[in-house]
Amino acid sequence: MGRVRVATVLVLALLASLGVSARAAAAPAYPFQNPRLPVAVRVDDLLDRLTLDEKLLLLHQSQSAIPRLGIPYFKNGTEALHGVGWSNSYTDNWNQVLAEGTVFPQAVGLASTWDPALIRKVGAAVGDEVRGYNSIDPVVWGTQVWAPVVNLLRDPRWGRNEEGYSEDPLLTGAISTAYGKGLQGDHPVYLKTAPVLKHYLAYNNETNRHTNSSNLPPRVKHEYDEAAFRPAIAANAATGVMGSYNLVNGRPTHVDAELYATVRSWTNKELYNVSDAFGPQAIRDPQHYYDTLDQAYAAMLRAGLDSFTIDGSDSAPMVAELKSALAKGLLTEADVDRSVRRALTIRIRLGQLDPDGGPYGRIGADVIDSPAHRALNRKTAAAAMVLLKNKTLPLDAARTKKIAVIGPLHDQLFSDWYGGNMPYQVTPLDGIRERVGGQGAVTGVEGLDRVTFRDTTTGRYLTATGTGGGDNIVGTTAPSPASRWDVNDWMGDYSTLRNADNGRYLTGNFGPFTTSSERPTGWFVQQQFRFEAQADGTYLIEYVGYETHESWYPFRENFVTVTADGTVGTGTRAQASRFARDVVTDGAAGAAAAARGADAAVVVVGSNPFIYGRENHDRANTDLGASQQALIAAVTAANPNTVVVLEDSYPTTMDSQPDTLLWTTHAGSETGHALADVLFGDHNPSGRLTQTWYRSTADLPPDLFNYDIISSGQTYLYNRSEPLYAFGHGLSYATFRYSDIRARTAGGTVTVDVDVTNIGRRAGDEVVQLYTHQRTSRDPVPLKQLRAFEKVTLKPGRTTTVRFTVPVADLAHWDVTRSRWVVEASDYELLVGASSDDIRQRATVRVAGEKIPPRDLSRPTRAENFDGYAGVRLVDESKITGTAVSATAPGAWIRFAGADLGRRTGTFTATTAKATPGAGTIEIRLDSPTGRLVGTATVASTSDVYTYATATAPLTGATGAHDVYLVLGPDLRLATFSIT
């Protein structure tokens with residue numbers, strides 16, 4: 001087995017020590033081992049046989065064997081986002097064990113297919129390979145998988161954009177459900193793998209991810225963030241969720257009982273929810289939510305998380321803390337049993353406690369990187385490509401004899417942090433050469449500038465001395481081949497420097513620097529630099545490795561310095577050396593020369609998934625690197641028959657758009673084959689964007705932490721700026737006509753029929769998309785919202801009728817006045833087209849819903865259910881559940897629109913807390929934050945943020961219909977109020 005090189009004898013010895021043996025169809029010794037019994041009966045039997053100490057072991061990610069009952073070791077958490085990625089070594093949890101199987105396109109690429117049936121096949125293939133690896137080593141490769149990621153791609157600056165599917169909850173739900181179903185398999189009881197959805201909830205930033213609180217007003221929470229997770233859980237396509245690192249409305253997700261109660265309400269299946277790595281410990285530090293770990297761990301279990309991902313394979317520290325919690329009465333054995341029951345349910349459904357391993361136990365290593373999976377990978381990679389703009393494609397193979405394949409990604413492929421190693425690679429250059437064959441000449445040109453860096457003060461050149469970790473870069477008085485560097489500006493303003501003499505990358509740990517790295521990689525990517533141009537034409541070189549800014553080291557300036565004796569190190573900006581950047585070889589000019597003599601040029605540019613944005617590192621902007629943009633400009637000027645292939649993981653901005661632009665995410669081993677299939681028309685592009693591509697970073701909210709997409713106008717749902725490329729956009733080599741829309745409402749369902757005809761000369765796939773817009777509403781509603789889609793295949797001249805059926809209930813939005821879903825009576829526009837901004841057919845139906853009545857503030861009203869706000873944040877009402885409102889700025893206010901205050905002056909009553917000394921105030925005003933003051937409530941100090949008291953105030957002139965504004969003083973928390 002070349003894919004996983006293990007010493008068989010050592011592995012068998014380890015398995016034996018962990019209670020893992022070869023499966024045999026022996027008669028069950030206990031009822032819990034009997035496959036003929038219902039799962040619940042088997043779980044009950046086993047739970048009754050376990051001691052408390054044994055139960056506690058089952059709460060860990062690394063579940064020890066219980067030899068007396070014949071229960072083997074069990075491991076949570078094989079990464080399987082777009083193929084089997086990695087797991088951790090049992091003996092050294094910091095050591096990743098990387099798979100070498102089928103690496104499919106990144107998750108955002110999978111979703112770009114808009115093809116749930118295809119993605120279900122991909123999930124099935126990945127599930128098979130998980131089982132294949134498990135058959136080799138069940139200790140390392142567990143069958144509970146941490147995938148898919150369904151966090152919404154709200155903001156493309158998120159460092160983990162590549163891991164998610166879409167900014168839209170419906171599309172995210174459809175793709176995650178398909179992938180999860182594939183991972184699980186088709187058996188009604190047993191699971192091929194047990195997928196876990198990541199990361200619950202409202203997790204879309206890496207900066208301060210352990211301490212940032214996502215502000216989720218109720219509508220955003222229910223209509224947007226929860227809506228992405230619900231479909232897969234409701235369809236039983238996932239077996240649980242993973243808690244996210246962040247806080248939501250002031251409370252760590254790992255201890256938010258409301259969150260996990262909501263998730264469990266979506267299904268009648270037993271869910272097994274897990275923590276993220278280090279998440280339980282973070283509750284104490286850095287979140288400081290509980291003072292001790294036993295408090296934190298007890299709160300996590302009670303909230304509804306069932307497994308601790310901490311301390312590698314060592315469960316002893318967790319067991320000690322849980323025993324302390326039990327002794328202090330913070331936790332009961334019933335709490336333990338509840339979570340253990342969930343763990344056992346999943347293990348039995350996985351077949352682990354069956355004598356023969358269950359129906360999926362026979363899958364072996366032969367499925368890994370099988371020919372069938374390679375073929376599926378090629379098909380998926382082609383289907384994921386999105387033709388954004390087109391003047392050139394498809395290339396005519398008969399007329400295209402000479403092709404120049406150009407760019408930093410023309411002859412290399414990348415995996416990512418959650419991808420495995422590729423067992424083989426078909427690069428763009430490989431794929432195009434193979435497609436053209438002997439009939440033409442294909443040349444490859446990287447197109448990078450080769451430069452020297454000379455410190456203008458000392459006259460010394462940055463020079464490599466070797467490839468070892470001790471071979472420090474020095475400043476030499478004269479240049480040599482080792483003083484030459486190939487520079488690539490990747491994304492934003494982050495660059496790498498590869499030594500032209502030894503082919504290794506400049507790398508360091510705040511200096512000294514070496515060229516010991518073959519490629520940029522690792523948790524801390526130490527090969528990243530930034531050039532800062534100076535007025536005199538020189539450059540400062542800033543080291544921007546260790547970009548994750550871990551809490552255990554202080555941020556400091558790190559600019560490259562050269563001393564008089566040639567020592568190279570780092571210092572502050574004031575100490576930085578000024579470098580003359582002298583070009584030895586002009587990469588863009590060389591690329592243009594190659595393109596000028598070619599029948600066609602293919603420029604492959606894009607990102608490295610380890611540079612300028614990934615887990616624990618957000619991006620400041622979405623720009624393609626300057627050198628890559630210059631390369632595109634030079635080549636397109638030299639050859640008008642140029643195709644630009646953009647290979648990266650998120651919406652990307654450029655100073656100018658090329659005439660032909662094909663986007664692909666990092667698409668795995670078959671990238672080159674798939675690209676050639678699309679370029680030459682063997683595959684008609686059918687991918688569609690799953691995110692809005694903005695014209696510039698300026699079109700995004702200035703605050704990455706703003707999760708309120710409604711008030712801030714984020715995503716295609718609420719953003720009014722003109723996009724560069726809209727959500728759902730993607731071109732084809734075929735042309736499709738939409739006609740004869742028919743719509744009706746009956747039996748609680750809206751039905752839409754539309755005819756789609758291929759009027760082009762090529763067969764092709766069209767993604768027909770249905771959006772709705774509610775014309776009238778009490779509340780702000782989306783500009784348009786995806787309700788359904790279907791991918792159809794049509795030959796030239798053929799017509800098909802696409803039918804969409806949308807339950808009227810799906811048109812509901814969250815009514816903050818009554819805390820429930822509501823379908824309002826309104827005309828609803830039905831918009832059918834090829835993208836969110838390419839609507840081809842329209843119809844309107846009247847939906848006989850209800851009218852939201854005026855607010856009745858005489859009933860207790862939760863402060864979080866406001867209609868508008870300024871200068872406030874949502875906070876935890878208690879450590880367990882509930883949300884309150886707190887001011888963050890002077891003059892902070894919340895608005896309650898359309899309130900009917902009746903005919904008599906009343907009394908304002910509020911439930912408030914104030915930890916700081918002294919009294920605070922709540923002003924009650926009408927119709928604006930500075931409108932008529934009708935009362936002021938004095939809020940007394942309660943000495944604790946979780947201790948609430950009642951504050952009251954008489955009201956004068958508070959009658960009739962008004963918008964009511966509550967203007968909050970500093971340091972207080974408002975949970976509920978009423979006006980009677």
Side-chain angles (χ1 to χ4, degrees), residues 103 105-106 108-109 112 162 381-382 384-386 388 403-416 419 422 424-435 442-450 486-492 494-498 503 505 518-521 525 527-528 587-588 590-591 594-595 600-614 622-636 642-652 654 658 660-679:
V103 178
Q106 291 174 308
V108 69
S112 299
E162 67 204 29
M385 293 184 181
V386 184
L388 297 176
I403 302 174
V405 187
I406 296 165
L409 282 83
H410 83 290
D411 196 27
Q412 63 178 328
L413 301 179
F414 296 123
S415 188
D416 58 38
M422 289 175 274
Y424 67 98
Q425 296 187 20
V426 182
T427 69
L429 181 62
D430 295 333
I432 293 170
R433 275 181 173 159
E434 182 180 322
R435 177 63 177 78
V442 178
T443 58
V445 179
E446 193 171 28
L448 299 183
D449 281 352
R450 181 163 291 179
D486 297 329
V487 179
N488 187 32
D489 303 330
W490 287 99
M491 310 298 285
Y494 274 40
S495 305
T496 56
L497 289 80
R498 187 184 64 210
Y505 284 86
E518 294 184 2
R519 57 193 173 101
T521 190
V525 185
Q527 296 79 30
Q528 300 177 91
V602 178
V603 183
V604 190
V605 294
S607 71
N608 181 319
F610 284 87
I611 294 172
Y612 196 61
R614 57 182 183 86
T622 57
D623 296 341
L624 181 66
S627 68
Q628 297 195 71
Q629 292 198 54
L631 181 65
I632 293 171
V635 173
T636 54
T642 291
V643 178
V644 176
V645 179
L646 178 62
E647 185 176 342
D648 66 7
S649 313
Y650 53 89
T652 303
M654 307 181 202
T660 301
L661 180 61
L662 179 68
W663 177 79
T664 175
T665 190
H666 296 284
S669 298
E670 289 288 335
T671 298
H673 282 148
L675 178 60
D677 290 342
V678 172
L679 294 178

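Quantities reported herein were computed from a predicted structural model and do not represent experimental measurements.
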Could you note down all residue pairs passing side-chain hydrogen bond (donor to acceptor under 3.5 Å, both in side chains) where residues 667-676 supplies at least one of them, sequence neighbours left out?
Y424-E670, E434-H673, E670-H673

Could you give the distance from CD (Q412) to CG (L429), rounded to the nearest 0.5 Å?
11.5 Å

Residue pair L679 / L662, side-chain heavy-atom distance below 4.5 Å
yes

Which residues pass the side chain to side chain contact (heavy atoms under 4.5 Å, CB included) test with S607, not counting sequence neighbours?
M491, D648, S649, H666

Would you say the side chain of Q629 lies within less than 4.5 Å of the side chain of V605, judging by non-hydrogen atoms?
no

Do you know which two heavy atoms are closest between S627 and N488, and how far apart they sit?
OG-OD1, 3.6 Å

Any residue meeting side chain to side chain donor-acceptor pair (under 3.5 Å) with E446, in chain and number order, not counting sequence neighbours:
R498

Hey, mind stepping through L646 and L661 against side-chain contact (heavy atoms from CB on, under 4.5 Å) and telling me if it holds?
CA-CA 7 Å; L646 178 62; L661 180 61; 4.0 Å; yes

In chain order, what residues pass the side chain to side chain donor-acceptor pair (under 3.5 Å) check against T496, with sequence neighbours excluded?
W490

dist T443:OG1 -> R433:CZ (nearest 0.5 Å) comes out at 7.5 Å

Side chain to side chain contact (heavy atoms under 4.5 Å, CB included) partners for A630, two or more places apart:
none

Nearest heavy-atom approach of T622 to P651 is CB-O, 3.4 Å

How many angstroms lie between CG in N608 and CD in Q528, if you round to the nearest 0.5 Å?
8.5 Å

With side-chain contact (heavy atoms from CB on, under 4.5 Å) as the criterion, how do I403 and V602 come out once you've worked through the C-alpha distance, each side chain's angles and the decisive distance to 0.1 Å?
CA-CA 7 Å; I403 302 174; V602 178; 4.2 Å; yes

Just jot down the salt bridge (Lys or Arg N to Asp or Glu O under 4.0 Å) partners of D416, sequence neighbours excluded, or say none.
none

Is the shortest heavy-atom distance from the side chain of P609 to the side chain of Q106 under 4.5 Å?
yes

CG-CG distance between D623 and D489, expressed to the nearest 0.5 angstrom:
11.5 Å

Test of understanding: with side chain to side chain contact (heavy atoms under 4.5 Å, CB included), list the residues that count as partners of T660, not counting sequence neighbours.
N390, K391, T392, L393, V643

Passes side-chain contact (heavy atoms from CB on, under 4.5 Å), I632 versus L624? Steps please.
CA-CA 11 Å; I632 293 171; L624 181 66; 3.8 Å; yes

Considering all heavy atoms, the nearest V525-R614 contact:
CG2-NE, 3.5 Å

Could you check whether any side-chain heavy atom of R435 comes within less than 4.5 Å of a side-chain heavy atom of V442, counting everything from C-beta outward?
no

Heavy-atom distance under 4.5 Å between the side chains of P428 and L675, does that happen here?
yes

So do the side chains of T664 and V386 get within less than 4.5 Å of each other, counting heavy atoms only?
no

Set of side chain to side chain contact (heavy atoms under 4.5 Å, CB included) partners for V635, sequence neighbours left out
I406, A591, A595, A601, V603, L631, T642

Please identify each residue that fulfils ring-ring contact (aromatic ring centres under 6.0 Å, His included) with Y612, with sequence neighbours left out.
Y494

Listed by chain and number, what are the side chain to side chain donor-acceptor pair (under 3.5 Å) partners of R450, not counting sequence neighbours?
D486

Show the nearest heavy-atom pair for residues G109 and T665, with the distance to one decimal.
CA-CG2, 3.4 Å

For the residue pair S112 and W663, what are the closest heavy atoms and their distance?
OG-CZ3, 3.5 Å

Do Q628 and P408 have side-chain heavy atoms sitting under 4.5 Å apart?
yes

Closest approach of A404 to A594 (non-hydrogen atoms, all atoms of both residues):
CB-O, 3.8 Å

